Q: 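Okay, handing you the structure first.
Since the model is a prediction, treat every value here as computed from it, not as a measurement. For the single chain, residues carry numbers from 1 onward in sequence order.
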Amino acid sequence: MSAPAPQAEDFGTSSGGNDGGSGGGGSAYYSNCSEARAAGAAPVRRGDPGYGRHLDRDGDGVGCE
């Protein structure tokens with residue numbers, strides 16, 4: 001009998017529940033556009049990891065443009 005495989009830990013980077021219900025996917029979360037730009041993720045499009053409505057001021061589906 002072998003030991004169970006280790007599980008990945010969640011360190012608060014998941015967008016689940018933190019994106020204002022945007023429907024964005026992935027495991028990234030950016031509090032603001034400065035974080036997204038620093039990570040090289042801007043612009044962030046709806047459906048991309050890290051997208052959140054709080055990053056999309058004009059509501060066109062593209063944040064940090």
Side-chain angles (χ1 to χ4, degrees):
M1 178 174 218
S2 63
Q7 299 294 317
E9 293 186 37
D10 182 1
F11 292 100
T13 58
S14 174
S15 62
N18 294 329
D19 62 3
S22 68
S27 61
Y29 175 80
Y30 306 111
S31 297
N32 54 51
C33 288
S34 294
E35 283 185 13
R37 287 185 189 101
V44 185
R45 290 174 172 74
R46 185 179 296 132
D48 286 351
Y51 174 84
R53 288 191 301 194
H54 65 286
L55 303 174
D56 186 2
R57 290 183 177 206
D58 59 3
D60 67 351
V62 182
C64 305
E65 37 193 348

Q: How far apart are the closest heavy atoms of Glu35 and Tyr29, and which atoms are they?
A: OE1-O, 4.0 Å
Q: Can you measure from CZ (Arg45) to SG (Cys64) and round to the nearest 0.5 angstrom?
A: 11.5 Å
Q: Any idea which heavy atoms bring Ala36 and Val44 closest together, and the distance?
A: CB-CG2, 4.1 Å
Q: Using side-chain heavy atoms (C-beta onward) and a distance below 4.5 Å, is Glu65 in contact with Asp58?
A: yes
Q: Are there more than 12 heavy atoms of other residues, nucleotides or ligands under 6.0 Å from atom CZ of Arg37?
A: yes
Q: Work out which heavy atom in Ala28 is nearest to a heavy atom in Pro49; give both atom names and the distance.
A: CB-C, 4.0 Å
Q: Looking at Val62 and Asp60, what are the two nearest heavy atoms and their distance?
A: N-OD1, 3.0 Å
Q: Considering non-hydrogen atoms only, spot the tightest contact between Tyr30 and Ala41 and give its length.
A: OH-CB, 3.4 Å
Q: Measure from the side-chain N and O atoms of Asp56 to the backbone N and O of Gly59, and report whether any donor-acceptor pair falls under 3.5 Å.
A: yes
